[in-house]
Amino acid sequence: MSEFLDAATTPVALVFAVPLVVSLVLWLVSVAGVFDFDADGSEGLVDGALESLGLAGVPPLVVFTIVSLIGWFVAVVAALFVLDPLTGVSLLLASFVVVGAASAAALFIGSRIARPLGALMITATAPSGAELVGHGATVRSGKVDAIFGYADAVWDDGNITRVDIRDSHELGLTAGDRIRLMDWNAEAGTYRVKREKDLFPDTGDN
């Protein structure tokens, strides 16, 4: 047990232990409802990174937690069986290699564990998608085209639902754009959209 604790507190393990602890704290704060972590300033960048990993629609905190946990586990195992007998310069060099390998493994394995969650969270939406037709929404994906895109739509009661959207007219929509959900495709579970400023030119984005 003492060997495990020693390995869990080595510098290479702490590289992942610190963000893991931060993510756990954020989970507690989020569950308590103390803060709202929806920050538009960084959301486009975060969503873009998640898209590149095939994790569009998965909450960033879920991905952050899974990746941190896997990275920490790999680093602890490496500290026990690879780094323990090393000293000096060889230990330092091996530590950098372990951190890099643990990061790559965490991203590779974590993305594959988290990917199925995206579909679950996107489809767990409203009782009837057609009820959102005509409602306003904000684009959250980095791009919207005929086969990909998602946005946050607002219900009459103020609740927000992430929905899949499609644009076959090359409107050039990007994260942060205000749109209207025009048509609901029940079979595909998607909405055709238009820019709000095109529908209401005198009111801008309001």
Side-chain angles (χ1 to χ4, degrees), residues 1-125 138 140-143 148 150-152 159-162 175-176:
M1 185 65 180
S2 62
E3 291 182 356
F4 175 81
L5 292 176
D6 290 341
T9 55
T10 56
V12 292
L14 289 177
V15 169
F16 302 95
V18 171
L20 179 59
V21 171
V22 171
S23 68
L24 294 177
V25 172
L26 291 178
W27 274 113
L28 292 175
V29 174
S30 180
V31 170
V34 176
F35 293 113
D36 178 6
F37 294 104
D38 182 18
D40 289 339
S42 60
E43 191 171 79
L45 180 62
V46 173
D47 282 344
L50 293 181
E51 283 179 33
S52 67
L53 294 173
L55 299 174
V58 182
L61 184 54
V62 172
V63 179
F64 185 66
T65 304
I66 293 175
V67 170
S68 298
L69 179 60
I70 294 174
W72 176 80
F73 177 78
V74 173
V76 170
V77 172
L80 284 170
F81 299 102
V82 178
L83 301 180
D84 186 57
L86 302 179
T87 58
V89 176
S90 59
L91 174 60
L92 180 62
L93 295 176
S95 296
F96 282 111
V97 173
V98 166
V99 170
S103 299
L107 288 173
F108 180 80
I109 299 173
S111 63
R112 278 149 184 78
I113 292 176
R115 192 167 295 158
L117 298 177
L120 292 175
M121 293 176 182
I122 291 175
T123 56
T125 57
T138 302
R140 294 308 185 194
S141 55
K143 65 175 183 178
F148 176 81
Y150 57 90
D152 286 344
N159 287 326
I160 296 176
T161 295
R162 181 150 291 186

Where is the tightest heavy-atom contact between [X] and [Y], given as atom of each residue plus distance?
X: S23; Y: T65; result: CB-OG1, 3.4 Å
X: D152; Y: R140; result: OD2-NE, 3.1 Å
X: R162; Y: Y150; result: NH1-CE1, 3.4 Å
X: W72; Y: F4; result: CH2-CZ, 3.8 Å
X: A106; Y: V67; result: CB-O, 3.3 Å
X: A8; Y: V76; result: CA-CG2, 3.8 Å

> Quick one: side chain to side chain contact (heavy atoms under 4.5 Å, CB included) partners of S68, sequence neighbours excluded?
Replying inline: P19, L20, F64
> Under 4.5 Å between any side-chain heavy atoms of I109 and F73, yes or no?
Replying inline: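 I109 does not reach F73 side chain to side chain.
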> Got L24 and L28 here, is their nearest side-chain heavy-atom distance under 4.5 Å?
Replying inline: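 Result no, sub-4.5 Å side-chain heavy-atom pair not found.
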What distance do [X] atom [atom1] and [Y] atom [atom2] have between them, rounded to the nearest 0.5 Å?
X: S111; Y: I66; atom1: OG; atom2: CD1; value: 10.0 Å
X: I70; Y: R112; atom1: CD1; atom2: CZ; value: 11.0 Å
X: T10; Y: L5; atom1: OG1; atom2: CG; value: 11.5 Å

